[in-house]
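One-based numbering, in listed order, for ligands and for the atoms of each. The residues of the chain are indexed from 1 along the displayed sequence. Computation of the quantities below employed the complete heavy-atom set of this structure, encompassing side-chain atoms and omitting hydrogens, waters and symmetry-equivalent molecules.
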Amino acid sequence: MAELLLLGTGAALTDGSREPTMLALRGASSTIVIDCGGNAVRQLQRLSVPLDSIERVILTHEHQDHTSGFPLLVEMLWLAGRREPLPIHGPARAIDIMRRVWGQWDTSDWEGLPELQWHAVPLEEGARIVTGADFELTAAPGRHGQTPVIGVRARDVHGGGVVVYGSDGSPSLEIQALARGADILVHEATGLYPVHSSAEQAAEVARAAGVKRLILVHLSPLENDLAEQQAAAARIFGGPVFLGEDLERFEF
Ligand SMILES: [Zn+2]
């Protein structure tokens, strides 16, 4: 049985109860970190996830609330003793930005610093990220204004369970197709903004994709009455809708 871990569930501006939205997938022998806008290591430690199980990192897009914790993640993994290379996957622009950000520091005397292996994921439906020890990872482009973004589909190669994370964006037919039949769809519900989705819109994607469970994330303190949004989403979706909370875990 694989697990989805909610490391963070907040929007770009969070309140004291949430980190920016970031996820982890825990398989039999590996962990995938998806987005890194806060202190991912602290959240993984609170969930008792061994840091040496981290196989790779996926950055769904370049926005600061999804990437700015990455340099800290690398430093902490190095201090924790990681020496094997760390693969990082994402849209070419996010990869390029983060590679340049990381390059601003002189780490030449950091002995044993893991090699960072950068991999651009094409912005096309059916894009293959990689198949690792526990998960087959594929992607599709989302709609987030002018910002290149990918949604991620993870299939547990042992049990067959599927989680799809739509990342940030307004409702997208490509993300809907990516989510088809998934056990869990993690969809943003920032609110009714041009480049984001409301809870109701997330529910419409979940219903059209025929997923089993919907988890709402990227929740904003500017939106009051999240419970009402959850109820509205449940009426549209017809299945279980969860308001994501930091450090929650879901089996799939
Ligand atoms: Zn964004």
Side-chain angles (χ1 to χ4, degrees), residues 4 6-15 17-25 32-40 43 57-73 88-102 118 120-125 127 129 137 139-154 163-176 178-179 185-202 204-206 214-223 226 229 243-244 246:
L4 164 70
L6 304 184
L7 305 184
T9 56
L13 174 62
T14 59
D15 61 19
S17 69
R18 300 177 195 277
E19 288 279 326
T21 293
M22 48 189 175
L23 313 177
L25 302 168
I32 313 290
V33 174
I34 307 179
D35 285 343
C36 198
N39 187 343
Q43 301 297 74
V57 176
I58 299 173
L59 301 174
T60 62
H61 65 299
E62 71 215 46
H63 284 159
Q64 291 89 335
D65 57 314
H66 293 257
T67 60
S68 64
F70 178 77
L72 179 62
L73 172 72
I88 305 112
H89 309 257
R93 213 162 84 188
I95 290 295
D96 180 54
I97 288 173
M98 200 41 55
R99 191 208 299 249
R100 284 188 285 125
V101 167
W102 178 257
W118 305 95
V121 177
L123 295 170
E124 59 193 33
E125 287 191 86
I129 301 176
L137 299 163
R143 294 174 55 204
H144 196 31
Q146 297 299 309
T147 305
V149 61
I150 54 169
V152 177
R153 182 180 178 104
V163 164
V164 171
Y165 170 45
S167 189
D168 282 12
S170 43
S172 152
L173 289 176
E174 288 81 7
I175 297 300
Q176 181 180 307
L178 186 73
L185 171 62
V186 182
H187 200 289
E188 71 129 295
T190 315
L192 269 179
Y193 303 97
V195 299
H196 287 287
S197 296
S198 66
E200 287 95 331
Q201 288 172 325
E204 284 162 6
V205 173
L214 171 63
I215 302 174
L216 302 175
V217 296
H218 213 268
L219 304 173
S220 169
L222 304 176
E223 299 289 316
L226 291 173
Q229 293 183 41
L243 280 178
D246 287 20

Could you point out which residue of Thr21, Thr14, Asp65 forms a side-chain hydrogen bond (donor to acceptor under 3.5 Å, both in side chains) with His218?
Asp65
Any side-chain donor-acceptor pair under 3.5 Å between His66 and Asp168?
yes
Could you tell me whether the side chain of Glu19 and the main chain of Gly8 form a donor-acceptor pair under 3.5 Å?
no
Please report the number of protein N, O or S atoms that lie less than 2.8 Å from the Zn ion (ligand 1).
4
Within the side chain of Ser197, is there an N or O that forms a donor-acceptor pair under 3.5 Å with the backbone of Gly169?
yes
Keeping His144 on the side-chain end and Val195 on the backbone end, is there a donor-acceptor pair under 3.5 Å?
yes
Residues in salt bridge (Lys or Arg N to Asp or Glu O under 4.0 Å) with Arg93, at least two apart?
Glu62
